[in-house]
Amino acid sequence: MSAPLEIAACRRLCSWAATGRLRDGERLFACSGCGSEWAASEPWTPIDHTGVIPPAVQAERRRGRG
């Protein structure tokens, strides 16, 4: 099992993108605003400061549930 994901307090600057790294075989995403991390196995879905789920996160969420 990998180290826990980084979870930081939101600063309302959210901008999520893939990191190019894997965690337990899943693509790892990170927020450039607060440094939090996300993978598709998490029960929540990241949203950018615009209120929109980034397309790459949407695709990974669908792939993770496939």
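Proximity of a side-chain donor or acceptor of Arg12 to a complementary backbone N or O of Gly33 within less than 3.5 Å is not detected. Looking only at distances, a side-chain donor or acceptor of Glu37 sits under 3.5 Å from a matching main-chain atom of Glu6. Between the His49 side chain and the Cys14 main chain, a donor and an acceptor come within less than 3.5 Å of each other. Here the side chain of Ser36 pairs a donor or acceptor atom with the backbone of Ala8 at under 3.5 angstrom.
Taking CG of Leu28 as the start and CZ of Arg23 as the end, the distance is 7.5 Å to the nearest 0.5 Å. Separation of atoms OG (Ser32) and CG (Leu13) is listed at 8.0 Å; rounding is to 0.5 Å. The distance from the OG1 atom of Thr19 to the CH2 atom of Trp38 is 11.5 Å, given to the nearest 0.5 Å. Between atom SG of residue Cys31 and atom CD1 of residue Ile47 there is a gap of 12.0 Å, rounded to the nearest 0.5 Å.
Evaluated for a side-chain hydrogen bond (donor to acceptor under 3.5 Å, both in side chains) with Thr45, the options Glu60, Arg61, Gln58 yield exactly one hit, Arg61.
Evaluation of the salt bridge (charged side-chain N to carboxylate O under 4.0 Å, His left out) rule for Glu26 yields no partner, not counting sequence neighbours. Every residue two or more places apart in sequence or in another chain that forms a side chain to side chain contact (heavy atoms under 4.5 Å, CB included) with Pro54 is listed here: Trp16, Asp48, Val57.
Transitive grouping of hydrophobic side chains (ILVMFWY, heavy atoms separated by less than 4.5 Å) keeps Leu22 and Phe29 in distinct clusters.
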